[in-house]
Every structure is written in structure tokens, then in C-alpha cells.
Amino acid sequence: MKNPTTYEAFIETLVDKSPGNSWPSTLKALWWDAKGDWHTAHDLVDGSGAEHANWVHAYLHRKEGDRWNAGYWYRRANRPFPEKSLEQEWEDLVEFLVQN
């Protein structure tokens with residue numbers, strides 16, 4: 001399965017049993033998060049060190065409710081702690097990742 005290139009194409013993949021093998025770990029992580037598997041999502045970005053992975057990692061800890069840990073990862077991602085909803089941040093992440 002090719003990498004989705006739009007938000008809508010990514011959403012359409014959520015009916016599948018797994019994300020594409022060739023997808024970057026960040027996109028796979030958001031896919032698993034959307035499917036309710038926070039732990040798999042976290043494992044995919046934990047320890048990566050890449051700025052985009054740090055942003056997804058931050059989002060996941062924010063979703064978990066661990067504000068302190070999320071703040072650490074937002075700083076590592078060079079991103080401010082968001083004031084928007086988790087749903088909006090997830091959408092923003094997907095939009096960003098499918099375009100980059």
C-alpha cells in the first residue's frame with residue numbers, strides 16, 4: 001500500500017487491518033492511534049529522535065494525560081504546547097505528515 005498523500009486518503013485506510021508497510025513510522029503511529037492502540041503508536045515513535053517523531057510522541061503523551069512528558073517531547077520537536085483539541089492536533093499531524 002502506497003503512502004497516502006492527502007488527509008482524506010489517510011482516513012480511507014482506517015478500514016484496513018494494518019497501515020502500509022512502507023509508511024513512515026510517524027504515519028503508522030497516527031494510524032494505530034486512530035484505531036485505539038496507543039501502545040503500538042507509542043512504540044513506533046519512541047526513541048526515534050527525529051523531529052516529526054518527537055511531535056507525534058508529544059501528542060501521544062498529551063493524549064495519555066501526561067502533560068509534563070508531553071511538554072518535554074514538544075520541546076524536542078521544537079513545537080509549542082498546543083492550545084487546540086487533541087482531535088485538531090491529530091488532524092494537523094496527519095495533514096503535515098502526508099505532505100512531507
Exercise. Considering residues at least two apart in sequence or located in another chain, which fulfil the side chain to side chain contact (heavy atoms under 4.5 Å, CB included) criterion with R79?
Worked result: W55, Y74, A77, F96
Exercise. Which other residues end up in the same hydrophobic cluster as Y72, if Ile, Leu, Val, Met, Phe, Trp and Tyr are linked when side-chain heavy atoms come under 4.5 Å apart?
Worked result: W73
For this session: Of all the heavy-atom pairs spanning T5 and A9, show the shortest one and how long it is.
Result: N-CB, 4.4 Å
Exercise. Around E83, counting heavy atoms of other residues, nucleotides and ligands shown, do more than 12 lie under 6.0 Å from its CD?
Worked result: no
Exercise. Atom CG of L30 and atom CH2 of W23: how far apart are they, to the nearest 0.5 Å?
Worked result: 10.0 Å
Problem set entry | Closest contact, heavy atoms only, V94 versus Y7 | CG1-CD1, 3.5 Å
Problem set entry | Nearest heavy-atom neighbours spanning V56 and A29 | CG1-CB, 4.0 Å
Problem set entry | For A58 against A70, the heavy-atom pair lying closest together | O-CB, 3.5 Å
For this session: Apply the test ring-ring contact (aromatic ring centres under 6.0 Å, His included) to residues F10 and W90: give CA-CA distance (whole Å), side-chain angles for both, the deciding distance (0.1 Å), then the verdict.
Result: CA-CA 12 Å; F10 180 83; W90 185 88; 5.8 Å; yes
Exercise. Are W68 and F81 grouped together when hydrophobic residues (ILVMFWY) are joined by side-chain heavy atoms under 4.5 angstrom apart?
Worked result: no
For this session: Enumerate the residue pairs fulfilling salt bridge (Lys or Arg N to Asp or Glu O under 4.0 Å) with a member in residues 56-77, sequence neighbours excluded, ordered by first and then second residue.
Result: D33-K63, R62-E89
For this session: Start with the C-alpha gap between D92 and K84, add the side-chain angles, then the distance that decides, and say whether side chain to side chain contact (heavy atoms under 4.5 Å, CB included) holds.
Result: CA-CA 10 Å; D92 291 349; K84 60 184 85 173; 2.5 Å; yes
Exercise. Sequence neighbours excluded, which residues qualify as side chain to side chain contact (heavy atoms under 4.5 Å, CB included) partners of P24?
Worked result: N3, T26, L27
For this session: Mind checking the CG-NE2 spacing from N69 to H57? Nearest 0.5 Å is all I need.
Result: 6.0 Å
Problem set entry | Sidechain-backbone polar pair: W31 side chain, T13 backbone, donor-acceptor under 3.5 Å | yes
For this session: Any salt bridge (Lys or Arg N to Asp or Glu O under 4.0 Å) involving residues 35-51? Give me the pairs, sequence neighbours left out, ordered by first then second residue.
Result: none
Problem set entry | Set of residues satisfying side chain to side chain contact (heavy atoms under 4.5 Å, CB included) with respect to S85, sequence neighbours excluded | E87, Q88
Exercise. Of all heavy-atom pairs between L86 and Y59, which one has the smallest distance, and what is that distance?
Worked result: O-CE1, 3.6 Å
